[in-house]
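So that the names make sense, note that chain A is the first sequence line, chain B the second, and so on, each numbered from 1.
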Amino acid sequence: MASVPTYDPAAVEERWQERWSRDHTNEPDLDRPSRPFYNLMMFPYPSAEGLHVGNMFAFTGADIYGRFKRLQGHDVFEPIGFDAFGIHSENYALNVGLHPARLIPQNIATFRRQLKRFGGMFDWRHELSTTDPRYYRWTQWLFLQLFRAGLAIRKKAAVNWCPACKTVIANEQVINGYCERHPDVKVEQRFLEQWFFAITRYAERLLANLDTLDWSSSTIAMQRNWIGRSEGAELIFEAPSGEKITVFTTRPDTAFGATYMVLAPEHPLVDALTAVEQRQAVRSYQREVAAQDLVSRKVGEKRKTGVFLGSYVRNPATGEAIPVWIADYVLMEYGTGAIMAVPAHDQRDFDFATQFGLPIRQVVQRDGEPLPIESQDGILVHSGQFDGLSCVEGGKGIVAWLSGRGFASPRVQYRLHDWCISRQRYWGPPIPIIYCDRCGPQGVPERDLPVELPLIEDFRPDDTGVSPLARHREWYFVPCPTCGGEGRRETDVSDTFLDSSWYFLRYPSTEFDDRPWDPARTRTWLPVTSYIGGNEHAVLHLLYSRFVTMVLHELGHVHFEEPFPKLRAHGLIIKDGSKMSKSRGNVVIPDAFIKKWGADTFRMYLMFLGPFQEGGDFRDEGITGIRRFLDKVWVLAHEAAQATLEPLPAAVARKLHQTIRKVTADTESLAYNTAIAAMMEYVNLAREENAAQREAVEPLLVLLAPYAPHMAEELWAQLGHTTSVFRVRWPSYDAALA
RNA sequence: GCGACCGUGGCGGAACUGGCAGACGCGCAGGACUUAGAAUCCUGUGGGGUAACCCGUGGGGGUUCGAGUCCCUCCGGUCGCACCA
């Protein structure tokens with residue numbers, strides 16, 4: 001047998017990457033595809049450290065799926081881009097003392113090189129960056145569509161202020177009271193005028209549509225949780241002075257057990273309900289609470305605090321006068337900012353009542369015995385005509401009874417808040433608004449877009465709550481687009497999640513400068529056929545994208561309401577027992593591995609670590625197993641190229657069909673680890689049976705192609721084929737043999 | 001507290017609708033080749049026992065001819081949300 005050349009991954013991979021680029025192998029015809037398949041993966045933010053193993057894991061898994069679909073005869077569009085605006089990039093730039101406008105292109109260049117090196121099937125003609133004015137022009141356009149539709153609203157609100165970022169951040173960016181970018185910096189409460197997107201108006205639809213989506217169940221659960229729908233009722237409590245205080249409750253069945261009321265300290269009726277002799281105590285408590293941040297207020301377990309207002313309201317169920325308190329455990333931004341306190345059946349109310357000696361009255365029991373607090377598995381007592389009913393029936397009855405007297409109405413409450421998109425920072429798209437004393441806030445006319453982010457050297461944020469752009473005087477002052485009078489630009493930039501809320505709409509249309517997306521292209525390619533990404537975006541990016549798409553659909557700009565009908569969440573790569581992150585210092589950069597072992601080996605190694613949708617433990621010992629496997633394939637294929645035609649041993653033929661069946665099913669379901677195991681079993685058997693033959697090897701190379709694309713191409717060519725292995729059809733199996 | 005997921009050899013992990021537990025890989029042990037090593041190849045590898053055999057999927061209980069898989073319960077772990085009324 002003639003000798004087989006040594007497998008040299010670097011040479012093989014460089015050769016095929018050049019050929020793919022030269023032959024436009026990865027660039028489908030976007031205008032006339034026969035079977036369009038939009039294979040999307042979550043685009044990266046180009047950090048200075050470069051692509052790490054976690055990114056590689058995600059991209060490899062998504063790329064394998066795209067290549068598999070391609071081999072099954074689809075025209076696969078697999079674009080890539082960079083989410084390069086945002087606080088992360090800007091903070092890093094500040095740290096190293098470089099301007100982001102110079103830093104980001106360097107980072108992108110590194111990412112681009114890494115993404116090419118690992119062999120992704122990317123269509124580089126359609127690369128995008130959110131920092132490109134040709135892109136963010138349309139981000140601003142998108143803002144204007146929402147503004148005109150009345151869905152971008154300016155309101156003064158308690159917001160999360162990160163003293164380190166020196167900007168407002170979204171609720172989603174607050175982690176246990178700390179800034180997600182600064183794990184040791186507590187977020188504070190500030191009241192500022194901000195732009196909000198009215199996502200809460202879509203809460204019901206965002207929730208209901210979840211039932212129509214083919215998504216990982218974990219992601220669905222997180223979104224459902226985040227939207228946080230609660231059914232209950234609003235009840236009205238009246239003060240002797242005539243003030244009506246509305247509370248929200250999910251337990252109207254316990255109305256007879258409400259022995260006091262608590263308002264949020266900022267509740268607008270606090271002043272009116274405060275007795276003269278309590279005024280000083282109330283003011284001082286209010287000041288104390290305002291000095292805290294929004295979030296530490298919400299972190300539980302601490303002692304309850306509060307102040308009696310010195311007045312009473314009437315419980316509409318019992319008719320009794322109950323005392324009114326303020327306490328920081330009641331939050332202004334949820335429900336009505338006021339609660340009826342039922343200490344017998346709510347843990348927080350119980351804690352508060354115990355601390356301040358307030359009465360506790362059982363209204364739910366079972367067999368005359370008290371139940372665990374908050375249990376709904378009992379019957380009503382001390383509840384007048386409703387005694388003896390179950391909690392559910394009694395609750396309905398009480399709401400109906402109180403409604404009839406004008407004291408109640410059923411109510412659905414969401415935990416979701418409106419999306420604050422204002423950022424008092426530099427590195428983002430300026431919000432396209434001009435303030436005019438005469439006309440009010442005016443949208444920048446679309447013909448004047450983009451509002452380019454001016455290049456200013458001193459982009460450092462300060463503590464004033466005013467964006468650095470305000471210091472750029474010639475940029476700041478502009479004529480009002482409506483009256484021509486003196487106007488001032490909005491100096492805030494928009495949240496980076498706005499950039500990423502629509503990028504998938506841009507990819508197929510990147511060459512059009514006169515429209516955000518081309519209607520024909522969009523109709524052909526969208527919604528996205530398959531989306532693969534991490535659950536870290538389950539409630540941020542994925543919810544915002546759904547909302548934006550829903551609005552665009554309503555406004556007639558896109559033909560679909562849900563952008564991602566099919567989504568799969570991949571797992572996390574664990575290293576030394578915890579997930580890879582810069583703060584833990586366990587980030588692994590793939591470059592050295594790829595240099596030593598080759599991209600194909602590294603791709604397969606990552607996929608072999610564990611189930612793709614669950615993640616895996618990164619240790620570098622196991623990589624030799626994959627390399628040994630690829631070496632065996634290499635030798636087998638070279639020998640097959642020189643073999644004479646002989647019948648395939650029956651055992652090998654049977655195993656081949658079983659392997660095709662298993663690899664097909666497993667690749668479809670992203671069970672890449674077991675697909676690889678099946679190919680290993682097949683190769684082991686083929687070697688045992690000395691089946692170094694074309695019929696044995698050619699189908700294997702096609703099965704292998706999504707996983708190790710360079711090697712598959714090389715060996716396919718060695719077997720005498722002159723066209724890419726990716727133009728072949730995925731092998732079929734004989735069900736009788738498999 | 002609420003929601004989701006998970007627990008299988010020394011390690012990563014297999015096991016479709018309940019049907020031979022431990023595929024595949026790492027590691028390890030022995031052997032072949034070699035002056036020697038590396039690489040490669042072969043054999044073995046859940047625990048106990050000389051053996052036929054016995055015991056084994058976090059603990060306990062249950063359903064079933066049959067349970068890693070289904071049900072109950074307890075223990076342990078991961079992730080998300082959280083003074084959300």
Side-chain angles (χ1 to χ4, degrees), chain A residues 6 171-172 174-177 216-230 232-235 247-252 254 258 261-262 264 295-306 327-342 345-352 372-374 411 413-417 534-536 538-539 569 571-572 574 577-579 604-605 608-611 613-629 631-632 635 661-662 665-666 669 671 673-684 687-688:
Chain A
T6 311
N171 279 345
E172 291 88 335
V174 181
I175 314 292
N176 288 330
S216 294
S217 57
S218 54
T219 316
I220 296 258
M222 281 191 239
Q223 285 219 348
R224 190 164 278 140
N225 225 299
W226 190 261
I227 295 169
R229 184 180 196 274
S230 294
E234 286 189 346
L235 305 185
V247 305
F248 173 72
T249 179
T250 53
R251 295 292 306 275
T254 63
M261 167 180 275
V262 187
V295 183
S296 78
R297 246 185 94 170
K298 295 186 187 177
V299 176
E301 294 185 288
K302 61 171 191 176
R303 278 182 72 243
K304 294 271 186 294
T305 60
D328 69 351
Y329 82 94
V330 174
L331 307 171
M332 197 57 221
E333 70 275 13
Y334 184 77
T336 61
I339 63 158
M340 64 172 200
V342 185
H345 304 292
D346 181 282
Q347 186 64 49
R348 294 153 300 172
D349 297 343
F350 179 83
D351 295 344
F352 191 81
I373 213 165
E374 304 198 354
R411 167 78 194 264
Q413 178 68 41
Y414 298 93
R415 210 186 61 90
L416 184 70
H417 289 48
N535 256 344
E536 68 272 21
V539 288
L572 289 176
I574 302 296
S578 52
K579 79 174 171 193
M604 287 188 77
Y605 170 62
F608 196 58
L609 285 175
Q613 292 180 82
E614 287 168 36
D617 233 334
F618 189 88
R619 304 154 306 132
D620 39 18
E621 302 97 59
I623 198 166
T624 52
I626 295 290
R627 178 55 186 270
R628 283 175 193 152
F629 165 71
D631 279 334
K632 289 173 193 171
V635 171
R661 188 164 99 133
K662 179 143 180 71
D666 286 358
S669 61
N673 56 332
T674 48
I676 292 169
M679 289 189 272
M680 287 173 166
E681 280 186 60
Y682 175 69
V683 168
N684 289 345
R687 282 158 48 86
E688 274 168 39

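- The interatomic distance linking E614(A) (CD) with rG13(B) (P) rounds to 8 Å, in whole Å.
- Side-chain contact between V247(A) and M261(A) is present, with at least one heavy-atom pair separated by less than 4.5 Å.
- Side-chain proximity of A677(A) to the nucleotides rG12(B), rG27(B), rA23(B) is greatest for rA23(B).
- When the P atom is compared between rU45(B) and rA52(B), the two are found 14 Å apart, to the nearest whole Å.
- Nearest to the side chain of R348(A), among rC81(B), rC41(B), rC83(B), sits rC83(B).
- rG76(B) shows a glycosidic angle more than 90° from 0 and is accordingly assigned anti.
- rG12(B) and rG58(B): their P atoms are spaced 14 Å apart (whole Å).
- Between T674(A) and rA23(B) there is no side-chain polar atom (N or O) within less than 4.0 angstrom of OP1 or OP2.
- With both ends at atom P, the span from rC5(B) to rC84(B) equals 23 Å, rounded to whole Å.
- Residue T336(A) is out of contact with every strand shown, counting any heavy-atom pair closer than 4.0 Å.
- The side chain of P611(A) lies closest to rA14(B), out of rC83(B), rG12(B), rA14(B).
- For the C1' atoms, the distance linking rC79(B) with rC83(B) amounts to 22 Å, nearest Å.
- Backbone-only engagement by L609(A) is indicated by non-hydrogen atom pairs under 4.0 Å involving sugar-phosphate atoms exclusively.
- The listed nucleotides are rC83(B), rA14(B), rC81(B); the one nearest the side chain of K304(A) is rC83(B).
- Of the possible polar contacts, one joining the Q223(A) side chain to the A538(A) backbone as a donor-acceptor pair under 3.5 Å is found.
- Among the nucleotides rC26(B), rC24(B), rC83(B), the one closest to the side chain of E621(A) is rC26(B).
- R627(A) comes within 4.0 angstrom of nothing in the nucleic acid, heavy atoms only.
- The interatomic distance linking R415(A) (CZ) with rC81(B) (P) rounds to 9 Å, in whole Å.
- Comparing rG7(B) with rU69(B), their P atoms are spaced 11 Å from each other, to the whole Å.
- If you check every strand for non-hydrogen atoms under 4.0 Å, N684(A) touches sugar and phosphate atoms only.
- Rounding to whole angstrom units, CG of residue N225(A) and P of rG1(B) are separated by 16 Å.
- The F608(A) side chain lies nearest to rC24(B) when the options are rC84(B), rG80(B), rC24(B).
- At whole-Å resolution of the value, CD in E681(A) and P in rA14(B) are 14 Å apart.
- We find that CD1 of I574(A) is positioned 8 Å from C1' of rU78(B), with the value rounded to whole Å.
- Atom pair D617(A):CG and rC11(B):C1' shows a separation of 9 Å (rounding to whole Å applied).
- When the P atom of rA23(B) is taken as reference, atom CE of M680(A) falls 14 Å away, rounded to whole Å.
- Here CD1 of I574(A) is found 13.0 Å from CZ of F618(A). Values are rounded to the nearest 0.5 Å.
- The backbone N or O of G232(A) sits nowhere less than 3.5 Å from a side-chain atom of T250(A) that would complete a donor-acceptor pair.
- In this structure, K662(A) reaches neither bases nor backbone, as no heavy-atom distance under 4.0 Å exists between it and the strands shown.
- Residue whose closest nucleotide on RNA chain B sits further toward the 5' end, between M222(A) and R628(A): R628(A).
- The side chain of L331(A) sits closest to rC84(B) out of rC26(B), rC84(B), rA4(B).
- Consecutive Watson-Crick or G-U pairs involving RNA chain B, each under 3.5 Å on both distances, make up stems of three or more pairs at B:1-7 with B:75-81, B:10-12 with B:24-26, B:27-32 with B:40-45, B:46-48 with B:53-55, B:58-62 with B:70-74.
- Between N673(A) atom CG and rA14(B) atom P there is a gap of 5 Å when expressed in whole angstrom units.
- Aromatic ring orientation, Y334(A) versus F248(A): perpendicular (interplanar angle above 60°, classes split at 30° and 60°).
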